[in-house]
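Reviewing the structure listed below.
Below, chains carry the letters A, B, ... as their sequence lines are ordered, and counting in each starts from 1.
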Amino acid sequence: MAKSSRICASWIVRRRKSKTLRTDMLDIQLLRTNIDAVAGRLATRGFTLDSATFQTLENERKTLQTQTQDLQARRNSLSKQVGMLKGKGEDASAVMAEVAALKDELEANEKRLGELLKELEAFVATIPNLPQENVPVGKSEADNVEIKRWGTPRTFDFPAKDHVDLGEGLGQLDFATAAKIAGARFSLMKGPLARLHRALAQFMLDVHTTEHGYTEVYVPYLVNSDSMYGTGQLPKFEADLFKILREDADPLYLIPTAEVPVTNIVRDEIVAQGALPLKFVSHTPCFRSEAGSYGKDTRGMIRQHQFDKVELVQIVAAEQSTEAHEALTRHAETILEKLELPYRRVALCTGDMGFSSAKTYDLEVWLPAQNTYREISSCSNFESFQARRMQARCRNEKNKPELVHTLNGSGLAVGRTLVAILENNQNADSSITIPAALRPYMGGVEKIGA
RNA sequence: GGAAGCGUGGCAGAGUGGUUGAAUGCACCGGUCUUGAAAACCGGCGUUGGUUUACGCCAACCGUGAGUUCGAAUCUCACCGCUUCCGCCA
């Protein structure tokens with residue numbers, strides 16, 4: 001049989017080796033056995049599952065696959081006979097003719113089956129993750145549910161400035177020069193402000209490694225397309241990525257978040273029993289082309305092409321992920337509390353969650369100049385959604401491979417944390433008070449620009 | 001930039017056209033032995049899918065893709081990745 005027409009029934013496994021077809025996806029067994037329940041839960045996030053189309057494709061697949069495998073089985077057994085006959089020096093031409101007669105039908109079946117599997121996969125690829133039962137049902141941001149508030153927004157007895165006026169006033173934040181060097185949506189920091197930025201990242205890393213049990217990892221900032229597929233940035237969000245084309249090799253992509261390299265640590269791996277949970281923290285720059293966001297947050301450091309982030313990633317056994325999600329979110333909140341920044345935790349509703357997420361909490365920090373809470377961290381539980389595509393597994397009690405659950409959250413976005421400190425800790429003379437927790441990282445400095 | 005080599009199961013590593021899904025070792029699981037453990041010995045042990053009430057049976061998978069053949073881990077071609085040596089270099 002020609003390899004060109006060979007069809008592998010285990011298409012989900014093959015998919016991980018095929019660059020063009022990988023996508024986030026649900027367990028197809030769930031669709032086969034429970035499609036009505038799945039459709040019902042997906043409806044809560046505004047996704048209409050076309051059950052009829054799926055059933056049609058599935059039925060055809062089933063009969064065609066059975067037929068094809070029968071033909072393959074006959075071909076295999078006849079070919080073995082040829083081998084035995086020839087081994088004994090007997091005439092095999094009759095059997096060979098019989099195999100030849102199968103050929104056309106077999107190849108036609110294999111071709112059609114291959115097409116069908118691609119159609120099915122394309123269909124499944126458009127289906128988002130199932131929300132957890134306790135995710136609030138809603139259509140948009142407006143339906144998100146505030147879970148808690150911490151801290152009290154300060155009242156100012158002078159007109160509060162925003163971080164741009166404060167930073168530029170100090171002569172330590174310079175968007176004009178950044179624009180000259182690179183273009184819009186980049187920033188340049190100098191002196192104490194640059195140090196404060198660095199101090200924040202160091203502080204966050206230290207808290208997570210020494211108090212929360214994370215292992216610090218240093219990772220590549222350029223990654224291959226397999227990794228981008230692994231965590232779901234590709235194929236859907238290529239427009240948001242910076243892509244590096246190379247002449248003699250496949251392209252590389254600048255990471256939009258450390259989630260990509262860090263979560264991909266376990267791609268195509270089977271983690272040993274007892275090795276879970278894996279808890280990683282990584283400080284990296286993040287690069288986003290933010291296509292489609294023109295006009296949003298054009299002022300200041302809120303939305304940049306390049307920003308730093310300290311990212312928390314956990315790889316856990318399936319039954320641990322709900323608990324791990326709460327813990328990870330608390331780890332991110334701890335940073336805000338140590339920095340004495342008022343924030344709230346919001347549970348994203350079904351309609352506002354990302355494609356891959358089963359449940360997401362956003363942490364929003366108070367920004368006085370905007371008189372509102374702004375996102376500074378997003379903590380998600382992807383359950384097995386990413387792991388299925390990445391083939392990230394662990395060995396269970398029976399020593400059998402089983403998909404892991406993956407989670408991540410910002411702990412925190414460094415640039416936005418800097419913004420929050422500038423705005424919340426400004427004084428009447430436009431100086432900035434350094435939070436006590438950061439002073440050890442600032443050589444004891446208590447105030448910038450006094 | 002130049003040259004060479006290599007991609008096989010959880011890992012290491014055999015296998016160059018025919019009952020090979022793949023020797024062997026390690027790891028792992030069960031058992032014997034032991035006060036217990038280790039060692040030794042015995043047995044088991046890939047993944048995914050299809051089918052079956054079930055035992056089971058069947059298909060596919062040896063980097064990816066294409067080709068030769070009745071039949072491919074094995075032969076041919078392309079691509080990708082990795083390693084080593086030389087050059088350059090933070």
Notebook entry, point to check: Can you tell me how far P in B/G81 sits from the matching atom in B/A90, rounded to whole Å?
Noted result: 26 Å

Margin query: Between B/A59 and B/U20, how far apart are the two P atoms, rounded to whole Å?
Written below: 14 Å

Note to self: Of the listed nucleotides (B/G49, B/C70, B/U47), which one gets closest to any side-chain atom of A/P401?
What the structure shows: B/U47

Item checked: Partner nucleotide, any strand, of B/U35 [Watson-Crick/G-U, under 3.5 Å] -> none

Margin query: Strictly by Watson-Crick or wobble contacts shorter than 3.5 Å, is anything paired with B/A54, and which nucleotide is it?
Written below: none

Check: If you look at every strand shown and take non-hydrogen atoms under 4.0 Å, does A/Q67 touch a base, only sugar-phosphate, or nothing?
Finding: nothing

Checklist line | Toward the 5' end of RNA chain B, by each residue's nearest nucleotide, A/V99 or A/D70 | finding: A/D70

Note to self: What is the distance, to the nearest angstrom, from the NZ atom on A/K62 to the C1' atom on B/G50?
What the structure shows: 9 Å

Notebook entry, point to check: Among the nucleotides B/G50, B/G81, B/A59, which one has an atom lying closest to any side-chain atom of A/Q72?
Noted result: B/A59

Next item on the list: Hunt down the Watson-Crick or G-U wobble partner of B/U76, both distances under 3.5 Å, from any strand shown, or write none.
Entry: B/A66

Next item on the list: May I ask you to verify if any side-chain N or O of A/R75 is less than 4.0 angstrom from the OP1 or OP2 atom of B/U69?
Entry: no

Checklist line | Interatomic distance at P, B/G25 relative to B/A4, whole Å | finding: 38 Å

Next item on the list: Nearest whole angstrom, please: distance from the P of B/C11 to the CG of A/D268.
Entry: 11 Å

Margin query: Checking base pairs now: Watson-Crick or wobble, both atom distances under 3.5 Å. What partners B/C6?
Written below: B/G81

Checklist line | Nearest-angstrom distance from the residue atom CE of A/M84 to P of B/U19 | finding: 11 Å

Next item on the list: With A/K279 as the cation and A/Y214 as the aromatic partner, state whether NZ or CZ is under 6.0 Å from the six-membered ring centre and within 45° of the axis.
Entry: yes

Margin query: By nearest atom, which of the nucleotides B/G49, B/U48, B/U51 is closest to the A/T66 side chain?
Written below: B/U51

Item checked: Nearest-neighbour nucleotide for the A/Q69 side chain, B/C58, B/U51, B/U19 considered -> B/C58

Next item on the list: Rounded to the nearest angstrom, tell me the gap between atom CG in A/L113 and atom P in B/G49.
Entry: 15 Å

Note to self: In whole Å, I'd like the distance from the CZ atom of A/R393 to the P atom of B/G46.
What the structure shows: 14 Å

Check: Can you find a side chain N or O atom of A/N399 that sits less than 4.0 Å from OP1 or OP2 on B/G10?
Finding: no

Check: Hey, does A/A73 reach any base, or is it just sugar-phosphate, or nothing, if we go heavy atoms under 4.0 Å?
Finding: sugar-phosphate

Next item on the list: Look at the side-chain N and O atoms of A/K103 and state whether any lies under 4.0 Å from the OP1 or OP2 oxygen of B/U69.
Entry: no

Next item on the list: State, without any angle test, whether A/Y441 and A/D206 hold a side-chain donor-acceptor pair at a distance under 3.5 Å.
Entry: yes

Notebook entry, point to check: So does A/Q65 get a side-chain nitrogen or oxygen closer than 4.0 Å to the phosphate oxygens (OP1/OP2) of B/C58?
Noted result: no

Notebook entry, point to check: Are any of A/K400's side-chain N or O atoms less than 4.0 Å away from OP1 or OP2 of B/C45?
Noted result: no

Checklist line | Rounded interatomic separation in angstrom, taking CG from A/L106 and C1' from B/A59 | finding: 11 Å

Next item on the list: Provide the Watson-Crick or G-U wobble partner of B/G25, both distances under 3.5 Å; none if there is no partner.
Entry: B/C11

Next item on the list: Report yes if a side-chain nitrogen or oxygen of A/R395 is closer than 4.0 Å to either non-bridging phosphate oxygen (OP1 or OP2) of B/C11; otherwise report no.
Entry: no

Checklist line | Pairwise C1' distance, B/G71 and B/A78 [rounded to whole Å] | finding: 24 Å

Notebook entry, point to check: Is any side-chain N or O of A/R61 closer than 4.0 Å to OP1 or OP2 of B/G50?
Noted result: yes

Notebook entry, point to check: Should A/N76 be listed as having a side-chain N or O under 4.0 Å from OP1 or OP2 of B/G71?
Noted result: no

Notebook entry, point to check: Is any side-chain N of the basic residue among A/R374 and A/D297 closer than 4.0 Å to the acidic one's carboxylate O?
Noted result: yes

Notebook entry, point to check: Is a donor-acceptor pair below 3.5 Å formed from side chain A/E269 to base B/G10, judging by atom type as modelled?
Noted result: no

Notebook entry, point to check: Expressed in whole Å, how much space separates the P atoms belonging to B/U51 and B/A37?
Noted result: 45 Å

Margin query: Both A/L78 and A/R246 contact RNA chain B. Which one's nearest nucleotide lies toward the 5' end?
Written below: A/L78

Notebook entry, point to check: Between the side chain of A/T44 and the main-chain N/O of A/R41, is any donor-acceptor distance below 3.5 Å?
Noted result: yes

Check: Got a salt bridge between A/E115 and A/K118, using NZ or NE/NH1/NH2 to carboxylate O under 4.0 Å?
Finding: no

Notebook entry, point to check: Taking atom C1' in both B/A39 and B/G31, what distance in whole Å separates the two?
Noted result: 16 Å

Next item on the list: Look at the side chain of A/T263 and the backbone N and O of A/V260, then say whether any donor-acceptor pair between them is shorter than 3.5 Å.
Entry: no

Item checked: Side-chain (A/Q304) to main-chain (A/G300) donor-acceptor, under 3.5 angstrom -> yes

Note to self: Strictly distance-based, threshold 3.5 Å: is any side-chain N or O of A/N59 a donor or acceptor partner for the main-chain N or O of A/Q55?
What the structure shows: yes

Next item on the list: Whole angstrom is fine here: how far is it from NZ in A/K111 over to C1' in B/A66?
Entry: 16 Å

Notebook entry, point to check: C1' atom, B/C70 versus B/C57: distance in rounded Å?
Noted result: 24 Å

Checklist line | Nearest-Å distance once atom P is located in both B/G2 and B/A73 | finding: 35 Å

Note to self: Let's test this: given Watson-Crick or G-U wobble pairing with both distances under 3.5 Å, identify the partner of B/G1.
What the structure shows: B/C86

Next item on the list: Find the distance A/I270:CD1 to B/C45:P and express it as a whole number of Å.
Entry: 17 Å

